[in-house]
Every structure is written in structure tokens, then in C-alpha cells.
2 protein chains.
Amino acid sequence: MTVEELLHKYDLKNTGCRKFILGEMLKSDTAQSENELKESYPDLFDRVTFYRTLKTLEERGIIHKIVLNDNSVKYALSRHHHEDNHLHSHFHCEKCDEVLCLRGKTQFEAELPQGFIMNEVFVVIEGVCAGCGIHS
Amino acid sequence: MTVEELLHKYDLKNTGCRKFILGEMLKSDTAQSENELKESYPDLFDRVTFYRTLKTLEERGIIHKIVLNDNSVKYALSRHHHEDNHLHSHFHCEKCDEVLCLRGKTQFEAELPQGFIMNEVFVVIEGVCAGCGIHS
DNA sequence: ATATATTTGCAACATTATTGCATTTGAAAT
DNA sequence: ATTTCAAATGCAATAATGTTGCAAATATAT
């Protein structure tokens, strides 16, 4: 699916910043931070526009935000509209800083206190990825 | 154990900011943000001192940091020096914003790609706590 | 009581994120 | 093609959060 089709499907206008962000995300199979997304064209769009666009895309569920334990934030396409399991798992490599989505590959169970309701679960696994493990 | 004993045990000087932060944490059974900790005495210590103190206490393992999905940060005492299982689970109430430590009450399994090494797992469950569920 | 490494406060700065408002633009209707 | 208008963008200002360097104050070992 092209970026234009994707935006049309979600009833969003086909604007420059949206096309750029989604284009960059489609090119990568890992999650990217604001600065990583901007790398090739740092000043193509105003920072405010970038924030607002990320927020819009997130609200529509086209992308999702991953907050890591060091407070840094990355974004990735949500490629899973069918299986809506409320469990969001990501792997964060401590060496190269890459973040990988792990959906479908993790299982989680919790015994909550009486009366507590669980809506969503966010999991971040910190570790070392295969590439960094070899080269160390 | 008193705050003074705790600090001595960890080979840290018995200073004002440390005593204050640990004192506030001992009073509460939920995790607290910088602003929540400071609530009763907002200007008792400089902000920089507060940050540095939190960092020191965290490095020594006396407290731990919880980063929520909205980028906010809370801190809580690490009351679990014996069971060192690398799984850090917390519940975050969407209504009252309280954060509860859930250690020992959660189970997690992940099937990582070949060659990946898992070091630590951070879990944040978003939901509604018992108190907020009743009063809604 | 003294010595000294550590802690603290202050000033400055960096990064990340938000708000209001005027201008521009996508795309629907004519 | 042109018009229209809500939506998107850029700019300026501001807020919140976190860091660094350095001088002054202080905890504690001697």
C-alpha cells in the first residue's frame, strides 16, 4: 500500500509532512525517533509540524509510540490492525539502540489486585540484538 | 529500617535531600513523581539536587525509576533486594494516575529472534484501579 | 577540632514538547 | 479551471524536564 492510499484510507489529507514521515517509516523495519526520522532532511518541516503530525498519525492508529526506559521515544507503523490484543511488546538493544516490534511473540499474564481492570500492556525488553552480540 | 540506617547500609552520606526523598517514599505505597515527592515542601531543595539525588539512589538500587507511556516518570523504593528477577512490572491507573509495583504477580515469556539476549523486562499495565472503578 | 571528599545551590544551557495565531494548502464543490 | 473552506503548516513564544560547571557548604572519618 502506498503512503497516499494509506492516508486516504484513514481519511487524512495527503500533506507533505505526513507523506514524509510515513515514507521514512515504510523504509525501515525498526522504530525511529523524531531525530532519526528527520535525519536525511533535518529542516524539511518545522518541529511543531512534526510533533503535530506524529500525534495525528498516532491518534488514528496508523503509527504507535514506544517509550523506552531512558525516556526516549520512538515511533513505528502499526502493521497489525486485525489482531487487536492490547499487548505491545518491543525489544530495545542496549548497544545499537534499535527498537524492534515483537508482536505475537510474547506472552504476558498478571494477577492484579481485586477490582483492578487491565486495558493495555506495554512491554520493553532491554538486551542485546544478534548483530551487536556477534560484534562485541 | 530507618532512613538513616538505609543510607548507612548503602554507604551513602546522611544528607538532607536523601533523607527527605526516602522519607516521602516510605510514607507512600505507590510510586511518586518528582513533583509529587516535592508536594509538601516544593522549594526545600534545588531541582538539580533533587535530580542528582534521585540518580544516586537509583544507581545504588535503593529506588527505581518507572517510565510511563505518557513519558512521565515516577520513582519507588526497591523493596526486593533478594528476588532479583529482572522483571519490573507496574500498574498505572488511567484515572487517578497512581502507579503500583506488581512484582511477583506477573509472568512474562518472549520468543526472541535467534541470537538476541534479554537482560531486563519493563512492563507497564494501563488500566483502572479498584478505587477508580467503583467511583466511576 | 580539623581535614577532605561529597553534596548542595546557583547560573546557564540543552532537549523535548506545547499553544496561539496568521498564512498556506489539499481537495471538494462549483 | 476556479472558488471555497476546513485543515495543515510555520513562526514565535513558552513550558517542562533534564544536564553541566563551579563555588560554597557539609557529613563524617581522623
Side-chain angles (χ1 to χ4, degrees), chain A residues 2-24 31-39 41-60 62-76 92 97 99, chain B residues 2-24 31-39 41-60 62-76 92 97 99:
Chain A
T2 70
V3 165
E4 282 79 5
E5 286 167 340
L6 190 60
L7 285 169
H8 188 258
K9 179 179 157 193
Y10 280 88
D11 214 27
L12 286 173
K13 282 189 190 169
N14 219 311
T15 66
C17 193
R18 288 174 188 164
K19 284 192 282 187
F20 176 74
I21 288 179
L22 293 179
E24 291 299 307
Q32 291 172 277
S33 67
E34 179 201 348
N35 289 330
E36 286 163 351
L37 287 166
K38 280 173 146 171
E39 210 162 79
Y41 302 96
D43 299 314
L44 196 51
F45 299 99
D46 190 86
R47 236 164 106 66
V48 176
T49 303
F50 227 84
Y51 278 114
R52 288 199 268 230
T53 303
L54 288 168
K55 197 180 174 192
T56 302
L57 294 174
E58 195 195 357
E59 282 167 356
R60 300 298 174 101
I62 305 176
I63 68 174
H64 62 277
K65 182 166 110 168
I66 303 136
V67 179
L68 302 177
N69 210 245
D70 62 359
N71 297 1
S72 66
V73 176
K74 301 213 185 205
Y75 296 89
H92 178 213
D97 198 44
V99 170
Chain B
T2 69
V3 166
E4 283 78 4
E5 288 167 337
L6 190 60
L7 285 169
H8 189 259
K9 178 180 157 192
Y10 280 88
D11 212 27
L12 286 173
K13 283 188 186 169
N14 219 313
T15 65
C17 192
R18 287 173 189 165
K19 285 193 281 188
F20 176 74
I21 289 179
L22 292 179
E24 290 299 308
Q32 290 172 277
S33 67
E34 179 200 346
N35 289 329
E36 284 163 353
L37 287 165
K38 281 171 145 171
E39 208 162 79
Y41 301 96
D43 298 315
L44 195 51
F45 299 99
D46 189 85
R47 228 156 60 77
V48 175
T49 302
F50 228 83
Y51 278 112
R52 287 198 269 229
T53 303
L54 288 168
K55 197 179 173 191
T56 302
L57 295 174
E58 195 194 357
E59 283 167 355
R60 300 296 174 104
I62 304 176
I63 68 174
H64 61 277
K65 181 165 111 168
I66 303 136
V67 179
L68 301 177
N69 210 245
D70 63 358
N71 298 3
S72 66
V73 175
K74 301 213 184 204
Y75 296 89
H92 179 215
D97 198 44
V99 169

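Everything numeric here is computed off the predicted structure, so don't read it as measured data. Computed over heavy atoms, backbone and side chain alike; hydrogens, waters and symmetry mates excluded. Below, chain A is the first sequence line, B the second, and so on; all start at residue 1.
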Return the value, rounded to whole Å, for the distance between atom [atom1] of [X] and atom [atom2] of [N].
{"X": "B/Tyr51", "N": "C/dG9", "atom1": "OH", "atom2": "P", "value": "15 Å"}
{"X": "A/Lys55", "N": "C/dT19", "atom1": "NZ", "atom2": "C1'", "value": "10 Å"}
{"X": "A/Asp46", "N": "C/dC21", "atom1": "CG", "atom2": "P", "value": "17 Å"}
{"X": "B/Glu34", "N": "D/dT19", "atom1": "CD", "atom2": "C1'", "value": "13 Å"}
{"X": "B/Ile21", "N": "C/dT7", "atom1": "CD1", "atom2": "P", "value": "13 Å"}
{"X": "A/Leu57", "N": "D/dA7", "atom1": "CG", "atom2": "P", "value": "16 Å"}

Out of D/dA8, C/dG9, D/dT20, minimum distance to the side chain of B/Val48 belongs to D/dT20

Donor/acceptor link under 3.5 angstrom from A/Arg47 side chain onto base of D/dG10: no

Below 3.5 Å, does any donor atom in the side chain of B/Arg52 face an acceptor in the base of D/dG18, or the other way round? no

Scan [X] against the nucleic acid and name what it touches under 4.0 Å (heavy atoms): base, sugar-phosphate only, or nothing.
{"X": "A/Thr53", "result": "sugar-phosphate"}
{"X": "B/Asp70", "result": "nothing"}
{"X": "A/Asn35", "result": "sugar-phosphate"}
{"X": "A/Thr15", "result": "sugar-phosphate"}

Angle class for the B/Tyr41/B/Phe20 ring planes (parallel below 30°, perpendicular above 60°, tilted otherwise)? perpendicular

Exam field: side chain B/Ser72 to backbone B/Leu68, donor-acceptor pair closer than 3.5 Å: no

Please tell me which of B/Phe50 and B/Lys13 maps to the more 5' nucleotide of DNA chain C, matching each residue to the nucleotide holding its nearest heavy atom. B/Lys13

